[in-house]
A.B. asks: 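One structure follows; several queries about it will come next.
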Amino acid sequence: MGFDDTVRKYLKKDEHIVLAVLGMFGGVGVAVKIKSALSKKPVPEPAPVAAAPAVASTGALKWGFELPTLENFDTWSENAENWKKWDAFMEKDVDKWMAGN
């Protein structure tokens, strides 16, 4: 009496054997998932990162002065030096700025 005879004693049709094999694979897959879920180490909480100091504007470094925004325009416009730099920017660098360079 071999393996095939023993299996055929309990599972008469081929369909029963196919379902048994699929059930075995599914059971092994579920067992592996449960084992990995139970043995998974907890993820450590990341340490809070201190916020980097905010640069006044990205345009401050590239164009030599702080470009005005809707948020800072009132205080920006009160400084006459800003307007001088703005005029110089509009005369020579505005085309580069529009091109994204």
Side-chain angles (χ1 to χ4, degrees):
M1 195 165 187
F3 181 74
D4 188 51
D5 293 335
T6 306
V7 170
R8 289 287 178 181
K9 183 173 148 183
Y10 298 105
L11 305 170
K12 305 279 189 227
K13 295 182 178 180
D14 290 340
E15 295 87 10
H16 298 158
I17 294 173
V18 169
L19 289 175
V21 169
L22 290 175
M24 182 185 66
F25 286 142
V28 168
V30 168
V32 167
K33 284 280 195 181
I34 290 173
K35 182 193 173 295
S36 67
L38 294 177
S39 65
K40 189 180 292 186
K41 294 180 182 176
V43 178
E45 291 290 325
V49 178
V55 177
S57 172
T58 56
L61 300 175
K62 191 169 186 178
W63 303 111
F65 72 104
E66 181 181 354
L67 294 172
T69 63
L70 291 175
E71 291 79 23
N72 71 352
F73 184 77
D74 292 333
T75 55
W76 183 90
S77 64
E78 293 170 357
N79 188 348
E81 186 65 29
N82 285 339
W83 285 109
K84 290 177 187 174
K85 291 180 181 179
W86 176 259
D87 289 336
F89 169 75
M90 291 302 286
E91 288 174 5
K92 64 177 183 167
D93 292 331
V94 73
D95 293 328
K96 290 181 193 174
W97 177 75
M98 291 290 286
N101 296 326

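Predicted, not measured: the structure shown is a model, and the values here were computed from it.
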A.B. asks: Report whether Leu11 and Leu22 are members of the same hydrophobic cluster (ILVMFWY, side-chain heavy atoms less than 4.5 Å apart, transitive linking).
C.D. replies: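 No; Leu22 is not reachable from Leu11 via cluster members.
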
A.B. asks: State yes or no: do Ile17 and Phe3 share one hydrophobic cluster built from I, L, V, M, F, W and Y residues joined by side-chain heavy-atom distances below 4.5 Å, directly or via other members?
C.D. replies: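 Ile17 clusters together with Phe3.
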
A.B. asks: Report yes or no: do Met90 and Trp76 belong to one cluster of Ile/Leu/Val/Met/Phe/Trp/Tyr joined by side chain heavy-atom distances under 4.5 Å?
C.D. replies: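 Yes.
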
A.B. asks: Answer with yes or no whether the hydrophobic clustering places Trp86 together with Phe73; edges join I, L, V, M, F, W, Y residues whose side-chain heavy atoms lie under 4.5 Å apart.
C.D. replies: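 Same cluster: Trp86 reaches Phe73 through Ile, Leu, Val, Met, Phe, Trp or Tyr contacts under 4.5 Å.
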
A.B. asks: Quick one: which residue pairs count as a salt bridge (Lys or Arg N to Asp or Glu O under 4.0 Å) with a foot in residues 12-33, not counting sequence neighbours?
C.D. replies: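 Applying salt bridge (Lys or Arg N to Asp or Glu O under 4.0 Å) to every pair that reaches into residues 12-33, excluding sequence neighbours, yields Arg8-Asp14.
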
A.B. asks: Work out which heavy atom in Asp74 is nearest to a heavy atom in Glu78; give both atom names and the distance.
C.D. replies: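 Shortest heavy-atom contact: O-CG, 3.2 Å.
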
A.B. asks: Using the test side chain to side chain contact (heavy atoms under 4.5 Å, CB included), find all partners of Leu70 that sit at least two apart in sequence or belong to another chain.
C.D. replies: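 Testing Leu70 for side chain to side chain contact (heavy atoms under 4.5 Å, CB included), a comparison that skips the adjacent residues, returns none.
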
A.B. asks: For Thr69 and Asn72, does a side-chain donor sit closer than 3.5 Å to a side-chain acceptor?
C.D. replies: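 Short answer, yes.
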
A.B. asks: To the closest 0.5 Å, what do you measure between OG1 (Thr75) and CG (Asn82)?
C.D. replies: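 Result: 8.5 Å between the selected atoms.
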
